Structures are given as structure tokens and as C-alpha cells.
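Naming convention: chains lettered A, B, ... in sequence-line order (proteins, then strands); numbering from 1 in each chain. Just so you know, these numbers come straight off a predicted model, no measurement behind them. Side chains are part of it too, since the values below use all heavy atoms of this structure and drop only hydrogens, waters and symmetry mates.
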Protein chains: 2
Amino acid sequence: MPVAKSHARAPRWRRRPEVRPQQILEAAFRVFGTRGLHQATLDDVARAAGITKGTIYLYFPSKADLFTAMLKARVNGIMPPVEVSTGGPGAVTTRDRLCTLGRRLYRFFCSPAYLAMYRTLISEAPQFPRATAHFYREGILQANQRLAEVIQRGIAAGEFRKVDPIIAARAFVGMFQIFAVSQGLLGGQRLYPIPEAKIVRIVTEIFLGGLLASRAGTSRRGPARGLR
Amino acid sequence: MPVAKSHARAPRWRRRPEVRPQQILEAAFRVFGTRGLHQATLDDVARAAGITKGTIYLYFPSKADLFTAMLKARVNGIMPPVEVSTGGPGAVTTRDRLCTLGRRLYRFFCSPAYLAMYRTLISEAPQFPRATAHFYREGILQANQRLAEVIQRGIAAGEFRKVDPIIAARAFVGMFQIFAVSQGLLGGQRLYPIPEAKIVRIVTEIFLGGLLASRAGTSRRGPARGLR
DNA sequence: TCTTATTAACTGACTGGTCAGATACTTGGA
DNA sequence: TCCAAGTATCTGACCAGTCAGTTAATAAGA
């Protein structure tokens, strides 16, 4: 059944030089994220972007370049926005702020977009040291810095004891991340599932307990016996 | 210069059917671990094992099967042995035990063998759900269980407050892991390095502080305001 | 009509998997 | 103890499929 011709039918394709790069980067993120860089073909990416492979080469010189460009465009996708809202609604303690932050962090880490990004980064890091370094500096360290500022404020207010806030912040992130990664990537078949609320509660309790200043000193004299 | 013949010279190759599988698995671990499953060719693996590609197919039906066999053989490579030495040298508290354990954990996570395994697992998990599930159950959950027993003992002894030991154990692991992975894989160029001693000390302090029973209650009434 | 974004067919290199033949080792007869 | 026939193991050349990257032709838009 032939299409009625000369019927002002939509063109088979449109020229879209302004939006193509973004379009391709988005498709690349989806495809690379799900199948992995080497499993995904450029035809896959092109199909996901609604174009053909040749077009990709008009905007990106190679598959590797497309990949690193995608990474660069997603620097902010690896870490959730941690608002260091200076003011806040008055009487909110850093403690409370960390609680909500914890839940938000965990949810973010469980999102498919984050997990895809994490997987991609871990997989390809050795092959793209420069892009990885950029991502690490601009994305990860940056976000960690923001979280550290929240903790720093708690220390300054006397709520928390003195601790290197950078290290504490990363430790906090690490606790949530291991649950998200374990369940999202490894236990994808819901092996040993643990409810979100339980994870968030326990992790936050541990962290706060370890940081609160109320106890005289967590360790009697430094890192306790056995740590040499 | 021809080799003097009939001089009992070494054979070009030897028959080694007993050791070949192991040999191949070891080479596969090295090669897959460094280059990744899809980047590594079977010729690479064969060369690393000192044989040729055809030989691999005498022992493994396909590349994918070789990979899953390798995973299976390395189940114990993902987690360090946590001796739950019941007796111990008398007056060792669970607290002290966790301190040494923490350092040991962190060192283990920083080892190239562990990092390679972690990377491999994260990368290929979606493609090999069955092998991943096996690995998760037999390796990860198992090791976590052993660590949880150490914590459980601390709770039973009244040293620690009541906490789900499985979750606490994984949180403990997560804190060390994020530092090892960040520095080993992402910050491979020694971006923002942190000395081992500092990491181990601070992480262990936070964890112990969050677990010790001394304070009346970490949270006033459950997970505190803001956690809803 | 001219410019240029896009397509679609094409190429060349690479690699998983196969297999015919070569080689180390074993066995048994003298 | 020697040697020949036989077998298990291994090699290396080969094939078929795949895919990154190229390009001649086409169609949108001005």
C-alpha cells in the first residue's frame, strides 16, 4: 500500500544541526549506561537518537571522543545536589539536616541514572584516565566538598566533635553507596533485599552517633588498642 | 644457527592436562581484570597462560563460560577472611577486634587483586545475572555474615548497643570501600591522596562511636526529626 | 539553484570459534 | 631396553560475523 504522494507528508528526516550534539550525548548516555561502552555499538546510539551512524561522525570524531564528551556532560550526574542552605527555616540543627540528606542521598544512589553512571565510570576509568580525572575533580570531589561543608558547620556549632569533614563526608556517602550498589547492580534479582527506611535509619544513626560531641571522647587515647 | 639436534632439547610445548584449567583461569583473571572482559581477547588470555587460543577451547566451551568459571573460582577473592576467633588472647574487646579488622579490611580493598575483581564484577554484572547472583550469595553475603557475627558478639557482650548487625557490617565495609575504590580506580593518578592511617582511624572512630553502648540513646525518639 | 545536514552502502580490521594436522607422551611387543 | 603404533594434547591457520570509521549520493532548507 503506497503512501499517497504529494500529500505534504512529513519529511523522512529534518536538519537539526543545533540540537544534534545534545541529542546524541543523551542517547549515548542511555545506551552506554545500559550496555556498556564496548557492548554498545554506534548504530545502537544512532538508533536511540533517531538518526544514523554517519551523523554521529559529523559531531564527534570517534566513539571514544563521544564517550568522554558524554562523561563531561554528565559531571553533575554522579552526585546529588547538596544544598548548603545557609539560612534554612531557623532552628534546624545540622543533625536534622544530615537526616534528610541521608535519605535523599540513598534515593539518589538507587536511581538507575546514578547506577548506570557509576557502573560506566568504574568500568572505563582505567581506559580513560584523563576523562576520569576530570570527572573525579569536578564531580566527585566537588560534591564531597559541599557535603563536608555541612558537617563542618556542625562542628563549628559545637554539635559534632572535631573530625576531618572531608573524610567524614566520604565515609557517610560510602555507607549509602554500598547498599545502593549491592542491591541495584549485584543483587539485581532482589537477593536479600533490605527496606530503604531501615537502611537510612541505621546508617544515619551510626554516623551521627560517631560524630556527636556529647560523649567525652570516642577513643580513650587515639585510635584505641589494636590499631597500633 | 640451528639447534644441535638429538641433544634432548626442551620440547616446544608439554602436555599438562592437569594444570591447564587452573592455568587458564589464572591468566583469565589477570587479563580480564586489567583490560576488561570485552577488551581482552582470547589470544591475550592464551598468551598470558603460555598456550594458544585453541587450547582454551579444549577446557572451556566459550569465552563467556571461561569468564563465569573464573568468577566462580574467585568467589573468595572479593572479601577478606574475617577470623571470628572465638577464643582470642583473653581480654580482647570487640572494639579492639574491629580496629585491627578495619585496617585489614582497608588494605585488602586497596589491593590490585580486589580492585580488579570489584571492577570486573560491577562491569559485567548485568550481563551475567546468574554468575553474579552466585557470587553475591556465596562471596559477599557470606563474608558480610562473618563480619556481622563479630558485631553481634559485641552486642551480646553489652559493648555495643542493639543494631542490626548485618546492616552495620555492610556499612562498615562501605566506608572503607569507597576510599579504596576512589583512590584505586578513579584517583589512579593520586588525586587528593589521603594517608591510610588517617582513613582507618577516622572511619573506625565514627563506626565505634556510632555503635558503642555508653550513651543513653543516639536518637531521642527514633530517627530524629527531619527523617519523617 | 546552491549549500549542507543526513543517509546508507561500503571497507577494512579485528576476534570468537573451528579444525586439520603436528607433537608430546604412553603402551606393549620384541 | 628399545622401538613402533597409538592416543591425548596442543597448535596455528582459517572462517564468518561484527563494527568503527568512510564516502558517494540524496534530500532539506534557504
Side-chain angles (χ1 to χ4, degrees), chain A residues 2-3 5-28 31-32 34-70 123-124 127-128 131, chain B residues 2-3 5-28 31-32 34-70 123-124 127-128 131:
Chain A
V3 178
K5 66 180 173 184
S6 81
H7 194 291
R9 68 191 187 286
R12 291 201 297 134
W13 51 271
R14 274 180 210 282
R15 293 163 60 167
R16 291 285 185 87
E18 334 75 42
V19 301
R20 285 284 183 254
Q22 196 55 34
Q23 213 174 342
I24 294 170
L25 285 173
E26 228 139 84
V31 175
F32 290 156
T34 52
R35 296 157 96 113
L37 175 60
H38 298 288
Q39 282 298 84
T41 71
L42 285 182
D43 277 316
D44 291 334
V45 175
R47 205 172 311 122
I51 54 173
T52 59
K53 188 171 62 169
T55 304
I56 293 176
Y57 282 92
L58 296 174
Y59 300 96
F60 300 95
S62 73
K63 190 183 186 185
D65 279 284
L66 170 60
F67 178 72
T68 55
M70 183 274 272
S123 303
E124 313 301 341
Q127 206 139 18
F128 298 91
Chain B
V3 178
K5 66 180 171 181
S6 81
H7 192 293
R9 68 189 186 286
R12 289 204 295 136
W13 50 270
R14 277 177 208 284
R15 289 164 57 170
R16 291 286 183 86
E18 337 74 42
V19 302
R20 284 283 183 256
Q22 197 56 36
Q23 210 174 344
I24 294 169
L25 285 172
E26 226 140 86
V31 175
F32 290 156
T34 52
R35 297 159 94 114
L37 175 60
H38 299 288
Q39 282 297 84
T41 72
L42 285 181
D43 277 316
D44 290 335
V45 175
R47 205 172 313 122
I51 54 173
T52 59
K53 188 171 62 169
T55 304
I56 294 177
Y57 282 91
L58 296 174
Y59 299 96
F60 301 94
S62 72
K63 190 185 186 185
D65 279 284
L66 169 59
F67 178 71
T68 54
M70 183 273 273
S123 304
E124 313 301 340
Q127 205 140 18
F128 298 90

Rounded to the nearest 0.5 Å, how far apart are OH of A:Tyr59 and CD of A:Gln22? 13.0 Å

Could you go over nucleotides 26-30 of chain D and give all protein N or O partners under 3.5 Å, atom names and distances?
{"unit_1": "D:dA28", "atom_1": "N3", "unit_2": "A:Arg15", "atom_2": "NH1", "d": "2.4"}

Please state whether the phosphate of D:dT11, meaning OP1 or OP2, lies under 4.0 angstrom from any side-chain nitrogen or oxygen of B:Thr52. yes

Measure from CD on A:Gln23 to P on C:dT6 and round the result to the nearest Å. 9 Å

For A:Arg35, enumerate each residue passing the salt bridge (charged side-chain N to carboxylate O under 4.0 Å, His left out) test, keeping only those at least two apart in sequence or located in another chain. A:Asp44

Would you list the pairs meeting salt bridge (charged side-chain N to carboxylate O under 4.0 Å, His left out) in which at least one residue belongs to residues 51-65 of chain A, sequence neighbours left out? none

Whole angstrom value for the distance that separates P of C:dT15 from CG of B:Leu66: 16 Å

Looking for any heavy atom pair under 4.0 Å, which part of the strands does A:Phe60 touch: base, sugar-phosphate only, or nothing? nothing

In terms of the nearest nucleotide of DNA chain C, which residue is placed more toward the 5' end: A:Ile56 or B:His38? A:Ile56

Heavy-atom closest contact (B:Phe128 atom, B:Ala64 atom, distance): CE2-CB, 3.9 Å

Closest contact, heavy atoms only, B:Ile24 versus B:Ile56: CD1-CA, 4.0 Å

Measure from CG on B:Leu58 to C1' on C:dG17 and round the result to the nearest Å. 12 Å

Distance in angstrom units between A:Lys63 NZ and D:dG21 P, rounded: 8 Å

Give, for atom CD of B:Gln39 and atom OG of A:Ser123, the distance between the pair rounded to the nearest 0.5 Å. 11.5 Å

If I take atom CG from residue A:Leu25 and atom CG from residue A:Leu66, how far apart are they, to the nearest 0.5 angstrom? 6.5 Å

Is the phosphate of D:dC10 approached by B:Arg20 (side-chain N or O, under 4.0 Å from OP1 or OP2)? yes

Could you state the atom-to-atom distance from CZ of B:Arg16 to P of C:dC25 in whole Å? 8 Å

C:dT15 P sits how many Å from A:Gln39 CD, rounded? 14 Å

Side-chain donor or acceptor of A:Lys53 under 3.5 Å from a matching atom on the base of D:dA20? yes

In whole Å, what is the span from the CD atom of B:Glu18 to the P atom of C:dA24? 16 Å

Heavy-atom distance under 4.5 Å between the side chains of B:Val45 and B:Phe32, does that happen here? yes

Counting just side-chain N and O atoms, does A:Tyr57 come under 4.0 Å of either OP1 or OP2 of C:dT7? no

Scan B:Ala40 against the nucleic acid and name what it touches under 4.0 Å (heavy atoms): base, sugar-phosphate only, or nothing. sugar-phosphate

Nucleotide C:dG16, atom P - distance to CZ of B:Arg35 in whole Å: 11 Å

For A:Arg16, the side-chain contact (heavy atoms from CB on, under 4.5 Å) test, sequence neighbours excluded, returns A:Arg14, A:Glu18, A:Val19, A:Arg20

Does any residue of residues 41-50 of chain A have a heavy atom under 4.0 Å from DNA chain C, and if so, which ones, in number order? none

ring-ring contact (aromatic ring centres under 6.0 Å, His included) with A:Phe60: which residues, sequence neighbours excluded? none

